[in-house]
Each structure stands twice: as structure tokens, then as C-alpha cells.
Protein chains: 2
Amino acid sequence: MSSPETTEAPARRQTRQRTAVLALLEQQDGFRSAQDLHALLRDRGDAVGLATVYRALQALVDDGLLDVLRGDDGEASYRRCSPVHHHHLVCRSCGTTVEVADAPVERWAARVAAEHGFTDVSHQVEVFGTCAACHAAQR
Amino acid sequence: MSSPETTEAPARRQTRQRTAVLALLEQQDGFRSAQDLHALLRDRGDAVGLATVYRALQALVDDGLLDVLRGDDGEASYRRCSPVHHHHLVCRSCGTTVEVADAPVERWAARVAAEHGFTDVSHQVEVFGTCAACHAAQR
DNA sequence: GTGGGCATGAGAACCATTCTCACACATCGG
DNA sequence: CCGATGTGTGAGAATGGTTCTCATGCCCAC
């Protein structure tokens, strides 16, 4: 308690591996699993250890640069995202993601929680569907 | 269409183990992981194999008697739920869950998806917070 | 340029979940 | 009631995503 470490300097080093992971994510327009990213990096020539990919992703999440999504099978997927609060509209077929931000749903969550006496509220909202392109390709 | 099996007879046998799993879930008022349920059953004296617990849970989910929730660590949790569409308000501290159903959020999801040309829409909405009891206990 | 210490990577460890397969028993026709 | 039948069970192995270990590498401050 005597240490004045309010925010604790992150001291995050810039390495080839972390740069490669972030650069790759910048090019993706949907959620990608850690395993996928690892394979993509290897194919690309920027070989990075699997453990390092996980560490880099976790660091980026902590820094608020990525959003995480858990699939039905429990596998985590990551995506480069804007730092402001938002939710996702994800295509089940191709994985393309659209960020959506809407005040009504935020207010709804707050109201529902308040009605039941809950405090310190957070929420998790994801919408899944088939995007226009995939819907057209299907038939 | 030639087979008159509209709902496909489940042919689900009633065994001591399945009865025990469902009975235990009836007594819980929050989400419980498969591992927890397995341990609880053993403590209770109704020993059931772990694999069987998983199978029973999966069967119950298929029958629409349970809802599943994925934790941040990817572990699945189950809860006895009403069969009508609803979402959850979960206490982070004690796990107590309240079912919430509200038309506005359903309409919101449908509208957002439609605006972006998405079809065949589903959504996943969970609200987390600290319930009144836990909030009072904390301070 | 040099040193300290965080970052890396290969593989082991971990852990939830699923699979395998021989055996048990719920269900049903007789 | 009884025996045939095939689904349900259970112990342990297998799977697969994620994390940990630890010796070595290299970024960064000085």
C-alpha cells in the first residue's frame, strides 16, 4: 500500500513477434482463433512460437486493442477492434464482423439489472447471422 | 416428408443417473459446471461417471431443459431453465441467475442485423453484475 | 557497447471434454 | 414373468486448446 504504483508502467517491449501478430490482425476482417493466427504467421514466413502468439494476444487484449469471443466449442477468437464500447454482428459463414454500437441496448441492460437490484453491471451481447454475400452464395 | 416423424421420438431411457443429474440441477439456482455437478453427485452419494454427466447434460440441452453458458475460461456451465426464449442476469459473485425476457432487445437485434443485410439471425445476450445480497455482504 | 531482465520457443503439463469398448440394465414382445 | 435387444454406463485413454517451464535470446536504458 506504500508503493505509489497507480497504473504500473506496462513496460511492453516491441519485438518482431508482437509486431507480426498485430500486423496480421490488422489485415483480418473477422474473428480468428489463436491457432489460425499461428498457422497464418507460419505460412507467411513470420514464424512465431505458439506460446508467444498466445502471450501476444493476451497482452493486446489487456491493452484493449483486441476483442475476444468464445465459440460454442470453447475456442477463443480474437479481432482487432476499436477501443470504444461496442458489440458485434458476426457472419456465421465467413466470419466477417461488423461493430455495432447502440445506446438503447446499453440502457436496456442497465435498466434490467437495476430492476433486480444488481450493481456493477457489465454485459455481453453478440448477434450472429448470415451476411448478404454468404446468403447469396448459398442458393 | 414421407416419414411421419415430426419430432423424432427421442427414445430417451430413464436411468438412475439421468434422474440424479436433473434432480440435482433442480436444486441449484445458478449456473454449475459439469465438473461441479459431478463432484456434487459424488458427495451426495449418487455416484455417476463423469462421462455420463456430460452425456446427460448434453441430452438435456438437446431437449431444451437446460441453458449453457461459456465462462471466460471456456468452461461450460449449465442451468435448469424455462423453455421459452430468454436471457440471463447473472451475479458474478454467487452465481445466482435471474431469467429476463424483454421484447425491446429482441427487436433491437433483429433491426441491427437487418440494417447490415444479415439474415437467419440469432443472438446471445448475458448481463453480469453483483446482486443486492452480495453487494451488501461485500462492505 | 554493455548489462539486466522481459520475451521467446519447444515441449511438457494441464484440464475440460469426448471417445472407446466391454458390460449392465431399461424396455418391450411374447 | 422372462429373455432378447440395444441403449446407457463407466473407467480410462485420447483429444485439443491453452498455459507453464526454463534455458536462451534480444530489446532497451544507461
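Protein atom CZ of A:Arg70 is 11 Å distant from nucleotide atom C1' of C:dA16, rounded to whole Å. As rounded to whole Å, 18 Å separates atom P of D:dG17 from atom CD of B:Glu75. As rounded to whole Å, 10 Å separates atom P of C:dG9 from atom CG of A:Leu41.
Direction change of the helix axis from one end of the helix from C:dG1-D:dC30 to C:dG30-D:dC1 to the other is 40°, with five pairs defining each end axis (rounded to 10°).
A salt bridge does not link A:Arg70 to B:Asp72: none of the charged side-chain nitrogens sits closer than 4.0 Å to a carboxylate oxygen. Using a cutoff of 4.0 Å between basic side-chain nitrogens and carboxylate oxygens, B:Arg79 and B:Asp29 are not scored as salt-bridged. The existence of a salt bridge linking B:Asp63 and B:Arg12 is confirmed by a sub-4.0 Å separation between a basic side-chain nitrogen and an acidic carboxylate oxygen.
For B:Arg42, the CZ atom sits in a loose shell: 12 or fewer heavy atoms of surrounding residues, nucleotides or ligands are nearer than 6.0 Å. Counting non-hydrogen atoms of other residues, nucleotides and ligands closer than 6.0 Å to CD of A:Gln27 gives a total above 12.
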Collect all protein-nucleotide pairs involving nucleotides 2-4 of chain D in which both atoms are nitrogen or oxygen and the distance is under 3.5 Å.
none

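In this structure, B:Tyr54 reaches the C:dT17 phosphate: one of its side-chain N or O atoms is under 4.0 Å from OP1 or OP2. In terms of phosphate contacts, A:Gln17 brings no side-chain nitrogen or oxygen within less than 4.0 Å of OP1 or OP2 of C:dA7.
Side-chain contact check for A:His135 and B:Asp120: no donor-acceptor pair (N or O, by modelled atom type) lies under 3.5 Å. In this model, a donor atom of one side chain and an acceptor atom of the other lie less than 3.5 Å apart for A:Arg92 and B:Ser122. Between the side chains of A:His87 and A:Gln124, no donor-acceptor pair of N or O atoms lies under 3.5 Å. Side-chain polar atoms of B:Tyr78 and B:Gln58 form no donor-acceptor pair below 3.5 angstrom.
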Across nucleotides 20-30 of chain D, 5' to 3', mark each nucleotide with B, S or - according to how protein heavy atoms within less than 4.0 Å reach it. BB-----BS--
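With C:dA16, D:dG17, D:dG10 as the choices, the nucleotide that has an atom nearest any side-chain atom of B:Thr52 turns out to be D:dG10.
When the options A:Leu65, A:Leu40, A:Leu57 are evaluated for a side chain to side chain contact (heavy atoms under 4.5 Å, CB included) with A:Leu25, the one that passes is A:Leu57.
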Stepwise, does the salt bridge (Lys or Arg N to Asp or Glu O under 4.0 Å) test hold for B:Arg111 with A:Asp102? CA-CA 11 Å; B:Arg111 179 172 55 75; A:Asp102 233 32; 3.1 Å; yes
